[in-house]
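Following: one structure in structure tokens, then a few remarks.
Only this structure's heavy atoms are used, side chains among them; waters, hydrogens and symmetry mates stay out. In what follows, chains are A, B, ... by sequence order, proteins preceding strands, each numbered from 1. Values in this document were obtained by computation on a predicted structure and should not be read as measured data.
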Amino acid sequence: MATKFDHKRAEARWQAAWDKAQSFAADDASPRPKTYVLEMFPYPSGRIHTGHVRNYTMGDVIARTRRAQGYEVLHPMGWDAFGMPAENAAMERGVHPGGWTRANIAIMRDQLKRLGFALDWSRELATCEPDYYGQEQALFLDLLAAGLVYRKESAVNWDPVDMTVLANEQVIDGRGWRSGAIVERRRLSQWFLKITDFAEDLLDGLGTLADWPEKVRLMQENWIGKSQGLRFTFEIAQDSPTPDSSRKREGSGFDVFTTRPDTLFGASFAALAPDHPISLALAEASPGLAAFIAECRAGGTATADIEGQEKKGYDTGLSVIHPLDPAIRLPVFVANFVLMDYGTGAIFGCPAHDQRDLDFARKYQLPVTRVVAPEGEAETPIADEAYTGPGVLVHSRFLDGMDVEAGKAAVITRAEAEGWGTGTTVWRLRDWGVSRQRYWGTPIPIIHCGSCGVVPVPKAQLPVVLPEDVSFDIPGNPLDRHPTWSRVDCPSCGQPARRETDTLDTFVDSSWYFVRFASAPGDRPFDAAVAEQWLPVGQYIGGVEHAILHLLYARFWTRALNHIGRLNVTEPFAGLFTQGMVTHETYSRPQGEGHAPLYFSPAEVDRTGTGATLKADGAAVEVGRVIKMSKSKKNVIDPDAYLETYGADAVRWFVLSDSPPERDLAWSDAGIDGAWRFVQRVWRLAEDSAEAATGVLDTDAKLARALHKTIAAITADIDKLQFNKAIARLYELVSTIERAPGSPTRIEAVTTLLRLCAPMVPHLAEEAWVLFGQPGMIVDAPWPVADPALLVDDTVTIAIQINGKLKDSFEFARGADRAMVEAEVLGRDKVIRALEGRAPKKVIVVPDRLVNLVA
RNA sequence: GUGGACGUGGCGAAACCGGUAGACGCAGCAGACUUAAAAUCUGCUUCCCAUUGGGAGUGCGGGUUCGAGUCCCGCCGUCCGCACCA
């Protein structure tokens, strides 16, 4: 008699059993081949959300499958525990960030355990604990000693709401990535990491990451932004007023960078960034220019501002000498579209072959000279569109007749020979500013001494621990305000000195946590020999939102550790998978003209087959598009309620089914219901099979074939992370077994089915395993291996097409020769009827597949 | 603007290398079991005409091919990244 699968009992039983057996503890000394499966560790914001469930379930399937396949699997979990939400909570609710964070961790750890993930909890870490961040401070000092850390005053992105500096990567459309406030520019002394030292290597390394999504590699490539060209000096003509007339500098001029040195004879102006030192110097004597610069700065950096912004310039009255012909003079403008922090902060304008320069030239009536032309168009004038295509150089003296590439090379060669310029590479990537004016982060282990300057904290004095007694009643950095914490004696001279009160960007914390998971000794950041056994991470899984930030920083940090001889690993993540978001439909009612609709949460709504009604009044609500879960649209789901009602296995099954993992998954009650039904169905099948007497003694060859095909297919699907396909095949296998008569093969099929679905629904699989009197736990059972002999059928279905259109199909022996197949086809009724007595002009036979008759 | 991805039933989706489009799931319809409901099971479910059967069909328009969801060219649409990068 079939019973219902009791998920609560099974979860408690097996989670305890795995824990007791330490089934998921990774053994550094294991002789088995090692593999490292990792999901991006969560920020402990409060509760696990559906995105975490999906992310960690995918990783779990991989980890459990690899384990069954004989690997020693490292599958750890930890907490990216520093960050601003903790401080926001402190400000809003008066709780300590540490208390708030640790309480969240406790809740979320509990939730993860309820999902039955195969995690090695003995390696758990939280970045907010001194035993982690103290080691990070040690690494920071190592990088400092190696010259990869430096301090400079620079214009930074200042978030006026969060009162902190943001990295370029954290500024989105001119706004702070977290607060959404318009970012201001301020000058502060900041700590930087020399990520640009590794620009070339980070770019080249992308080529080795075959198991990364093409999309992410492209995004990183664009972000690193390599441009090759010519850097050269424009001499300011003597007859111009010099920028700093008081000093009368020799050879005054400025450098520009161009990727198109071939178009140099098309130059009609030079332009400086508003923040360029020459612009600033000139502005001191020119109120008009000063006003223009102020105007440029006022223009926001927001997307809309840039798009709408007109190309504007201010004529400085200076002129520069053309490097290829001293007789040519070019006017110098200060222009709003020239960026100080890219290239040299100055450009030459070639209107004929650059749209932006063309717009500018038309506005200020500057000459437009074509210097590149497709065949026969040398004299075709440039209209409203700059010509950026290929062609041959014209109106360019010694360059005439060369193609663009040859022209570039020729100009660079000449510049280098004559000493006025050099071939250079310019990067879009900037150094990583890591200083944050916040409390809840890793303290930067530096002391500022009046006489010794910047002094590293001696390693023996690490960790520099955050003070507990801080207040958050006013914005800004509590470390700055702390009465005693920053007061310290200089380790070098012993005089009173001051601690650095900035903390590290939390992206530093996540740049090496995967190394610490692999090896976490108490007295140093990691043991290289142990860590190298596990690294690189074989399969890393997380959201695309980290395609640039986290993944680039972690790649850099790993290279930096390699560079200083601490770790012999270059790429931290050999395989990367970026999963889609979890979405949900929305429920709303319009609120009249000019008002945003009123949204309702799924809990307030009854979903019918075709529509939805509000529980409160029974009237219909509008069912909206399936979109990313967000608080404002009230379509957020808390997985906890589902774990309670349906159980971990149903939830796990659901998040794996339906959608391909890289695409968005629409969460729905109907979908969860379906998953729950599957769990029950497998349970029924197992119970019935276990108690039924074996009716037939013969083996069931047909079932065996179906079974082994499924084994092969699912193994391949999981390898490729195509969980939705694996699940479809499991449904088919269940159906097939249900219909099969009793036999020893059927029993084997059910136990194999259990092993195949164990990575996805582990509690159910364990519970059912017991029914069959199998030894030990299914978690320790080996992965099924397909018998190649059973993967091919004796017969095949051959399709018959006439002129490419399907007319009929029939079963035939596999590997039959063409003549036999052709004879069979031509003798079939439907074919005879369709041909109406004519002989086909041509017969195409695709062996074991189809026959196409061309009539 | 620029780089990229995608476009298949009512919905989520499958379809190896160009070879029977729509596997599997959801929703829906019909039936069985039941006093009834739930659960479960069986069948149907791309569209159009129809009795057998036939025709059309993978965003739109062309092309290559015996044969195109798949390859090529041109459009249209949706989504994502970057965004004055010289």
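Between A/Phe333 and A/Phe360, the ring centre distance stays below 6.0 Å. Not less than 6.0 angstrom separates the ring centroid of A/Phe348 from the ring centroid of A/Phe269. Taking the six-membered ring wherever Trp is involved, the centroid distance between the rings of A/Tyr342 and A/Trp427 does not fall below 6.0 Å.
Across all strands shown, A/Val338 has heavy atoms under 4.0 Å from base atoms, whether or not it also approaches the sugar-phosphate. In this structure, A/Tyr731 reaches the sugar-phosphate backbone alone: every heavy-atom distance under 4.0 Å involves primed, P, OP1 or OP2 atoms, never a base. No engagement by A/Gly671 is indicated, since no non-hydrogen atom pair under 4.0 Å with the nucleic acid exists. No engagement by A/Lys226 is indicated, since no non-hydrogen atom pair under 4.0 Å with the nucleic acid exists.
In this structure a side-chain-to-backbone donor-acceptor pair under 3.5 Å is missing from A/Arg814 to A/Asp848.
Nearest-nucleotide positions on RNA chain B place A/Asp673 closer to the 5' end than the other of A/Asn803 and A/Asp673. For the pair A/Gln680 and A/Lys842, both in contact range of RNA chain B, the more 5′-proximal nearest nucleotide belongs to A/Gln680.
Side chains of A/Arg555 and A/Gln220: a donor-acceptor N/O pair is present below 3.5 angstrom, by distance only.
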Q: Report, as a single string ordered 5' to 3', how protein heavy atoms within less than 4.0 Å touch nucleotides 43-51 of chain B: B base, S sugar-phosphate only, - not at all.
A: ---------
Q.
Please encode protein proximity along nucleotides 4-22 of chain B as a string of B, S and -, counting only heavy-atom distances under 4.0 Å.
A. S-------BSSSB--BB--
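Taking syn as a glycosidic angle within 90° of 0, B/C80 does not qualify and is anti.
Across B/U46 and B/A23, the matching C1' atoms stand 15 Å from one another, rounded to whole Å. B/U64 and B/U70 are spaced 15 Å apart, taking the P atom of each and rounding to whole Å.
The base-pairing partner of B/A32, taking Watson-Crick or G-U wobble contacts with both distances under 3.5 Å, is B/U40. Under the Watson-Crick or G-U wobble criterion, with both distances below 3.5 Å, B/C24 is paired with B/G12.
A sub-4.0 Å separation between OP1 or OP2 of B/A86 and a side-chain N or O of A/Ser227 is present. The shortest distance between the side-chain N/O atoms of A/Arg677 and the OP1/OP2 oxygens of B/C26 is below 4.0 Å.
Closest contact between the side chain of A/Thr258 and the listed nucleotides B/A86, B/A56, B/A23 involves B/A86.
Of the options A/Val831, A/Val846, A/Ile802, A/Val821, a side chain to side chain contact (heavy atoms under 4.5 Å, CB included) to A/Val851 is made by A/Val821 and by none of the others.
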